[in-house]
Amino acid sequence: MPQPIGLPTFLSGPLPDRAAILADLDGCLIAGERVLPGVPELFVRCRDRLWIVSNNSSDTAQTLSRRLAGLGLELPAERIVLAGEQTLRMIRRRHPGARVALFAAAPIRALAREIGLVEDREHPELVFLGRDPDFDFSDLTALFAHVARRVPVWLSNPDPFHPGPDGLPRPETGAIWAAVRAALPDAVAASLGKPAADLAAIALAKAGVAPEQAVFIGDTPETDGGAAAAAGVDFVLLERPARARAEEEIAAC
Ligand SMILES: [Mg+2]
């Protein structure tokens with residue numbers, strides 16, 4: 001496994017000059033609403049060669065672009081590739097007008113309507129499971145029922161957590177799916193999210209850049225490193241300053 005490096009070390013070398021810089025979001029560029037050290041310099045250095053490739057499933061590229069602008073980071077939606085949005089667009093391509101049980105945040109549900117998918121929690125043809133901060137026990141009960149009836153499930157990403165602004169873990173869709181699997185161990189779900197190659201491949205295709213001309217930076221070897229390897233892109237593992245600081249604070253208690 002590669003040793004993690006800080007963003008300043010990455011920026012001091014030649015890799016930021018690659019034709020496309022594919023960057024993870026949480027724990028790499030931001031933690032919650034906090035911009036991580038070195039990130040403004042990354043945006044200045046890489047400019048229109050910088051892409052976000054993230055397992056985020058509660059934003060669309062549009063809503064994330066606006067949220068980042070509010071943090072002083074300018075990146076157009078066209079260069080943001082997110083697991084939740086891309087999964088919905090894939091469902092639309094394969095099953096136009098499908099009835100989908102959406103376990104998802106408001107921006108994702110609005111996008112589903114916009115692209116012609118029909119939200120149906122009673123008799124869906126497919127289930128989409130994304131990160132919904134309002135997900136509750138009744139949602140879990142409904143999800144269990146669909147899975148038990150063998151309705152195909154698309155999982156936006158398999159991540160059990162992402163780092164919060166305090167460096168501590170926040171539950172992700174993989175944790176909800178693990179709850180399903182605890183009760184229904186034979187349950188299966190498909191996913192385009194990292195560590196699959198799909199999101200990186202979408203970014204490379206949009207950029208018109210070959211894998212060997214790009215570099216992928218991220219803080220999670222299993223997902224970011226896995227996706228980079230699957231897509232044939234060199235990978236740089238970044239340190240997690242937020243988590244390191246939180247662990248130091250816990251250790252000091
Ligand atoms: Mg990350």
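All ligand and atom numbering here is 1-based and tracks the order in the structure. Please read these numbers as outputs of a predicted model, since none were measured by experiment.
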Quiz item: More than 12 heavy atoms of other residues, nucleotides or ligands under 6.0 Å from CD of Q62: is that the case?
Solution: no
Exercise. Among the N/O/S atoms of D24, select the one at the shortest distance from the Mg ion (ligand 1) and name it.
Key: OD2
Practice problem: Tell me which N, O or S atom of D219 sits nearest to the Mg ion (ligand 1). | Solution: OD1
Quiz prompt | Exceeds 12 heavy-atom contacts within 6.0 angstrom, atom CZ of R47 | solution = no
Quiz item: Are the side chain of R18 and the backbone N or O of F216 linked by a donor-acceptor pair below 3.5 Å?
Solution: no
Quiz item: Does R131 use its side chain to pair, donor to acceptor, with the backbone of A105 at less than 3.5 Å?
Solution: no
Practice problem: Please name the atom of D26, restricted to N, O or S, that is closest to the Mg ion (ligand 1). | Solution: O
